[in-house]
Number of protein chains: 2
Amino acid sequence: MSVSTPEHIKEIKEIFAAHLEQNKQRKTPERFAILEEIYMRTDHFDAETLYIEMKNKNFNVSRATVYNTLELLESCGLVVRHQFGDNQSRYEKSYNRRQHDHLICEECKEVKEFCDSRVFQIETKIGELLKHKISHHSLILYGACEDVDCANRQKMTKN
Amino acid sequence: MSVSTPEHIKEIKEIFAAHLEQNKQRKTPERFAILEEIYMRTDHFDAETLYIEMKNKNFNVSRATVYNTLELLESCGLVVRHQFGDNQSRYEKSYNRRQHDHLICEECKEVKEFCDSRVFQIETKIGELLKHKISHHSLILYGACEDVDCANRQKMTKN
DNA sequence: ATAGTTGCAAAAGCTTTGCAGTATG
DNA sequence: CATACTGCAAAGCTTTTGCAACTAT
């Protein structure tokens with residue numbers, strides 16, 4: 001996942017602003033600060049991490065506002081929410097990003113992204129078969145890195 | 001998902017007993033009662049539901065034992081754990097069952113099962129591409145029933 | 001001015017843990 | 001009879017909610 005440029009962030013803020021106007025919701029500084037923080041990130045973060053890191057940057061937001069804004073951003077498609085198997089939601093920015101799925105190393109917890117068009121063939125076929133209109137999917141592969149850095153990352157993850 | 005017959009359950013208990021012996025763990029009545037309760041079910045249940053229903057049947061188990069036993073059963077392959085997008089674990093029996101994935105109706109929350117071999121093609125290809133040894137996957141399709149009973153089920157789900 | 005939002009703290013929901021008592025091997 | 005396991009209650013985490021104060025429109 002790549003870093004967003006300042007121009008990119010400006011564009012995204014405009015999209016968010018338009019969405020808020022359309023729904024008669026207010027354009028508060030907190031909402032835009034959270035959006036910006038999210039688009040500065042390149043990882044798959046949880047709500048608490050986002051909250052803590054904003055606090056660390058001396059931006060005073062509450063957890064309630066973080067959760068509220070994440071939901072808003074999700075509903076307007078600027079953020080996607082995932083469940084990586086640990087009873088906690090993880091989020092990532094999604095504007096201008098190709099749909100993709102995730103591979104998680106069970107040892108070092110690293111998240112990698114991939115695309116495979118066969119998943120859409122499955123959506124189509126199973127949707128027809130089971131008579132459902134499929135709106136989206138979640139595909140997660142779990143595995144083990146064949147990677148020298150895996151052990152190092154493991155140490156960092158254990159806390 | 002079909003109901004397990006008494007003979008079937010007997011066989012599964014033997015497997016569990018063997019597994020416990022191998023790992024020098026004790027064959028307690030609670031563990032077998034929980035196993036039996038699970039194999040009587042045909043749904044995708046959460047730990048609390050299992051706990052409550054055992055209480056209702058006047059079988060006195062604790063939550064701690066339910067969670068502990070679910071973990072044991074998962075590690076010996078008699079139960080699989082899923083995350084259907086709501087920050088809560090769901091379980092289902094897995095002995096003698098073909099590997100399958102899930103389709104969830106976002107309106108009535110009904111869970112349907114399906115098989116599509118293309119997932120394994122994805123596993124193989126992406127495993128090679130990203131140099132990971134894939135151990136398992138989770139694929140969930142989210143959609144909407146095109147189904148007359150969907151609305152009825154929705155009413156029952158809202159609580 | 002008015003009603004949508006915020007921050008805070010409390011509550012809620014799922015899961016884990018500590019511990020004293022119990023029962024398996 | 002040693003120690004793994006159980007039940008209970010408390011604690012831990014993530015997420016949601018209620019409400020008074022605030023602020024965008």
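Order of the sequence lines sets the chain letters (A, B, ...), proteins ahead of strands, with each chain counted from 1.
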**Prompt:** Do the non-hydrogen side-chain atoms of B:Tyr91 and B:Ile38 ever get within less than 4.5 Å of each other?
**Reply:**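 Answer no - side chains too far apart.
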**pair B:Leu72-B:Arg31: side-chain heavy atoms closer than 4.5 Å** =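 B:Leu72 vs B:Arg31: side chains touch.
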**Prompt:** Where along residues 54-83 of chain B does a heavy atom come under 4.0 Å from DNA chain D, residue by residue in number order?
**Reply:**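 Residues of residues 54-83 of chain B under 4.0 Å from DNA chain D: B:Lys55, B:Asn60, B:Val61, B:Ser62, B:Ala64, B:Thr65, B:Asn68.
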**Message:** Are there over 12 heavy-atom neighbours, none belonging to A:Lys10, within less than 6.0 Å of that residue's NZ?
**Reply:**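 It does not: A:Lys10 NZ has 12 such atoms or fewer within range.
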**Request:** Anything under 4.0 Å to a heavy atom of chain A counts; send over the first and last such nucleotide of DNA chain C, read 5' to 3'.
**Result:**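 The footprint of chain A covers C:dA3 to C:dT15.
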Distances for protein N or O near nucleotides 21-25 of chain D N or O, under 3.5 Å:
| residue | atom | partner | partner atom | Å |
| --- | --- | --- | --- | --- |
| D:dT23 | O2 | A:Arg26 | NH1 | 3.2 |
| D:dA24 | N3 | A:Arg26 | NH1 | 3.4 |
| D:dA24 | N3 | A:Arg26 | NH2 | 3.4 |
| D:dT25 | OP1 | A:Lys27 | N | 3.3 |

My understanding is that only residues two or more places apart in sequence, or in another chain, count here; which of them pass side chain to side chain donor-acceptor pair (under 3.5 Å) with [X]?
| X | value |
| --- | --- |
| B:Tyr95 | B:Glu11 |
| B:Asp43 | B:Arg41 |
| B:Asp86 | none |
| A:Glu146 | none |

**Message:** Under 4.5 Å side-chain heavy-atom separation, chaining through any Ile, Leu, Val, Met, Phe, Trp or Tyr, what else clusters with A:Met1? Say none if it is isolated.
**Reply:**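 Reading the cluster by chain and number, A:Met1 sits alone, since nothing else belongs.
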**Request:** Could you list the residues that satisfy salt bridge (charged side-chain N to carboxylate O under 4.0 Å, His left out) with A:Glu21, not counting sequence neighbours?
**Result:**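 With neighbours one apart ignored, the set is A:Lys27.
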**Request:** Sorted by first residue and then second, give each salt bridge (Lys or Arg N to Asp or Glu O under 4.0 Å) pair with at least one member in residues 56-67 of chain B; sequence neighbours left out.
**Result:**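 Only B:Glu37-B:Lys57, B:Glu48-B:Arg63 qualify under salt bridge (Lys or Arg N to Asp or Glu O under 4.0 Å).
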**Prompt:** Is it true that A:Glu71 and A:Arg81 make a salt bridge, defined as a side-chain N closer than 4.0 Å to a carboxylate O?
**Reply:**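 So A:Glu71 does not pair with A:Arg81 through a salt bridge.
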Which atom pairs, one a donor and one an acceptor, fall under 3.5 Å between side chains of residues 114-128 of chain B and the rest of the protein, sequence neighbours left out?
| residue | atom | partner | partner atom | Å |
| --- | --- | --- | --- | --- |
| B:Asp116 | OD1 | B:Arg118 | N | 2.9 |
| B:Asp116 | OD1 | B:Arg118 | NE | 3.1 |
| B:Asp116 | OD2 | B:Arg118 | NH2 | 3.1 |
| B:Arg118 | NH1 | A:Gln121 | OE1 | 3.3 |
| B:Gln121 | OE1 | A:Arg118 | NH1 | 3.2 |
| B:Glu123 | OE2 | B:His137 | ND1 | 2.6 |
| B:Thr124 | OG1 | B:Phe120 | O | 2.9 |

**Request:** Map A:Tyr51 and A:Asn87 onto DNA chain C by nearest heavy atom, then report which one ends up closer to the 5' terminus.
**Result:**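 The residue whose closest nucleotide sits nearer the 5' end is A:Tyr51.
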**Request:** Give me the bend of the helix from C:dA1-D:dT25 to C:dG25-D:dC1, using the axes of the five pairs at each end, rounded to 10°.
**Result:**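 Its terminal axes enclose an angle near 30°.
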